[in-house]
S.K.: 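My questions all concern the structure below.
This is a predicted model, so every value here is computed, not measured. Every heavy atom of this structure was used, including side-chain atoms; hydrogens, water molecules and symmetry mates were not.
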Amino acid sequence: MSYVFPPPATVAIPVVGSDDSFAVRRVYCVGRNYAAHAREMGFDPDREPPFFFCKPADAIVPVPYGKTLELPYPTQTQNYHYEAELVAVIGKGGSDIAVEDALSHVWGYATGLDMTRRDLQMKMREMGRPWEIGKAFDASAPVAPIHRASEIGHPQDAAVWLTVNGETKQRSNVSHLIWSVAETVAYLSQFFRLEPGDVIFTGTPEGVGAVKRGDTMVTGVDGLGELKVAVI
């Protein structure tokens with residue numbers, strides 16, 4: 001088969017302890033999945049059904065351990081926000097997955113950042129329009145290497161944290177997720193058939209805020225290592 005243009009390279013995330021990489025298919029993100037973050041964004045944190053938005057696969061920027069990603073400050077924003085997150089990746093496909101079976105579909109976990117052009121997101125929200133220009137822009141999803149669930153299990157009680165220039169800005173625990181990873185996978189699979197290669201950002205805790213050029217972020221999830229990003 002020939003193509004009008006060369007097909008894009010596959011986006012792939014390194015796997016801890018392996019020469020293999022995890023090829024990315026789709027990227028799903030859960031909105032307002034920590035109660036304290038919902039409150040800081042002006043919403044009631046009652047346990048309503050989860051909602052999702054998407055990023056393109058090439059928004060993912062893999063960041064090997066020991067490396068610092070130099071992340072250009074994006075265009076068209078004056079309010080560039082960090083959101084530290086536990087990331088789950090799918091290794092077995094399925095639709096209408098039962099909650100009790102959902103974790104068998106999760107291949108592994110990583111530390112990630114959902115970078116956000118907050119001013120554009122808020123403008124779109126006020127206008128009742130989609131969030132893509134605030135959430136789905138280039139390089140908006142840095143991700144650290146993936147740990148296999150078969151080796152580390154499924155994080156149930158792990159701190160999630162982020163510092164900016166050494167000062168702690170976010171600190172919570174995945175046990176505070178409104179919708180657990182299993183519930184999120186099960187619910188999402190009612191609307192999209194999940195397939196190997198799908199990546200799910202599970203939500204960010206309270207403490208989100210802006211960064212500027214020259215700032216360095218370090219974020220981590222206990223047991224999953226750190227992700228270091230310098231804004232340039």
Side-chain angles (χ1 to χ4, degrees), residues 11 13 22 24-61 81-99 101-103 105-118 120-143 146 154-155 160 172 174 176-206 208 221:
V11 177
I13 305 169
F22 183 91
V24 177
R25 176 178 175 265
R26 294 180 178 174
V27 181
Y28 300 98
C29 304
V30 188
R32 297 195 294 268
N33 202 21
Y34 286 81
H37 174 58
R39 292 188 191 98
E40 76 178 352
M41 299 302 291
F43 292 91
D44 189 326
D46 282 349
R47 200 171 185 266
E48 61 183 14
F51 72 93
F52 301 87
F53 57 92
C54 294
K55 293 176 183 270
D58 62 4
I60 295 278
V61 185
H81 276 212
Y82 53 78
E83 297 189 8
E85 307 206 10
L86 170 69
V87 175
V89 301
I90 299 298
K92 182 174 73 172
S95 298
D96 295 316
I97 298 167
V99 172
D101 188 45
L103 292 182
H105 293 256
V106 177
W107 192 86
Y109 295 90
T111 298
L113 276 172
D114 168 18
M115 298 304 295
T116 302
R117 295 192 284 203
R118 189 73 73 199
L120 300 186
Q121 180 198 17
M122 293 298 99
K123 182 178 180 181
M124 293 301 101
R125 192 179 83 182
E126 291 165 4
M127 297 173 71
R129 294 179 179 176
W131 292 1
E132 272 78 0
I133 63 171
K135 285 287 192 179
F137 54 95
D138 299 341
S140 59
V143 177
I146 295 169
H154 299 277
V160 182
S172 188
V174 299
H176 297 157
L177 286 165
I178 296 173
W179 292 89
S180 69
V181 172
E183 291 170 327
T184 295
V185 169
Y187 190 84
L188 182 61
S189 75
Q190 297 177 43
F191 300 94
F192 302 92
R193 178 175 174 81
L194 298 180
E195 296 287 0
D198 288 343
V199 174
I200 302 173
F201 280 68
T202 62
T204 195
E206 68 276 14
V208 299
V221 178

S.K.: Is it the case that atom CG in Asp101 sees more than 12 heavy atoms from other parts of the structure closer than 6.0 Å?
M.R.: yes
S.K.: Considering all heavy atoms of both residues, which atom of Ala141 and which atom of Phe201 are nearest to each other, and what is their separation?
M.R.: CB-CZ, 3.7 Å
S.K.: Got a second to check how far Thr116's OG1 is from Gln121's CD, nearest 0.5 Å?
M.R.: 6.0 Å
S.K.: Would you say Val87 and Tyr109 make side-chain contact, with heavy atoms under 4.5 Å?
M.R.: no
S.K.: Which atom pair, heavy atoms only, marks the closest approach of Pro50 to Val30?
M.R.: CB-CG1, 4.3 Å
S.K.: Establish, yes or no, whether the cationic atom of Arg32 lies under 6.0 Å from the six-membered ring centre of Phe51 and within 45° of the ring axis.
M.R.: no
S.K.: Once rounded to the nearest 0.5 Å, what's the spacing between atom CZ of Arg193 and atom CG of Leu188?
M.R.: 12.5 Å
S.K.: Tell me if the centroids of the rings in Phe52 and Phe191 come within less than 6.0 Å of each other.
M.R.: no
S.K.: Quick check against the 3.5 Å criterion: does Ser172 have a side-chain atom that pairs as donor or acceptor with the backbone of Val160?
M.R.: no
S.K.: What's the shortest heavy-atom distance between Pro56 and Val27, and which atoms?
M.R.: O-CG2, 4.0 Å
S.K.: Is it the case that atom NZ in Lys92 sees more than 12 heavy atoms from other parts of the structure closer than 6.0 Å?
M.R.: yes
S.K.: Would you check if the side chain of Arg117 reaches a backbone N or O of Lys135 as a donor-acceptor pair within less than 3.5 Å?
M.R.: no
S.K.: Tell me whether Ser189 contacts the main-chain N or O of Leu194 through its side chain, where contact means a donor paired with an acceptor under 3.5 Å.
M.R.: no
S.K.: Can you spot which of Asn33, Val181, Thr111 makes a side-chain contact (heavy atoms from CB on, under 4.5 Å) with Leu86?
M.R.: Val181
S.K.: So do Arg118 and Glu83 actually touch side chain to side chain, heavy atoms under 4.5 Å?
M.R.: yes
S.K.: Using side-chain heavy atoms (C-beta onward) and a distance below 4.5 Å, is Ile90 in contact with Ile200?
M.R.: yes
S.K.: Are the side chains of Tyr82 and Asp114 in touch, meaning some heavy atoms are under 4.5 Å apart?
M.R.: no
S.K.: Can Val89 and Val106 be said to form a side-chain contact (heavy atoms from CB on, under 4.5 Å), step by step?
M.R.: CA-CA 6 Å; Val89 301; Val106 177; 5.8 Å; no
S.K.: State the OG1-CH2 distance between Thr184 and Trp179, to the nearest 0.5 angstrom.
M.R.: 8.0 Å
S.K.: Using side-chain heavy atoms (C-beta onward) and a distance below 4.5 Å, is Met127 in contact with Met124?
M.R.: yes
S.K.: Report the distance from atom CZ of Arg129 to atom CG of Leu120, rounding to the nearest 0.5 Å.
M.R.: 12.5 Å
S.K.: Okay, side chain of Glu126, backbone of Lys123: is any donor-acceptor separation there less than 3.5 Å?
M.R.: no
S.K.: Closest heavy-atom contact between Ala186 and Ala102?
M.R.: N-CB, 4.2 Å
S.K.: Working to the nearest 0.5 Å, report the span between CG of Leu103 and NE2 of His154.
M.R.: 4.5 Å
S.K.: Does the side-chain contact (heavy atoms from CB on, under 4.5 Å) test come out yes or no for Val174 and Tyr34, once each step is laid out?
M.R.: CA-CA 9 Å; Val174 299; Tyr34 286 81; 4.1 Å; yes
S.K.: State whether a side-chain donor-acceptor pair under 3.5 Å links Ser140 with Lys55.
M.R.: yes
S.K.: What is the minimum heavy-atom distance between Phe192 and Arg26, and which atoms define it?
M.R.: CD2-NH1, 4.0 Å
S.K.: For Ala84 and Thr204, which heavy atoms make the closest approach, and how far apart are they?
M.R.: O-OG1, 2.8 Å
S.K.: Would you say the side-chain atoms of Glu85 pair up with the backbone N or O of Gly203, donor to acceptor, closer than 3.5 Å?
M.R.: yes
S.K.: One pair to check against salt bridge (charged side-chain N to carboxylate O under 4.0 Å, His left out): Asp198 and Arg25. What are the steps and the verdict?
M.R.: CA-CA 5 Å; Asp198 288 343; Arg25 176 178 175 265; 2.9 Å; yes
S.K.: Side chains of Ile97 and Val185, heavy atoms from C-beta outward: is any pair under 4.5 Å?
M.R.: yes
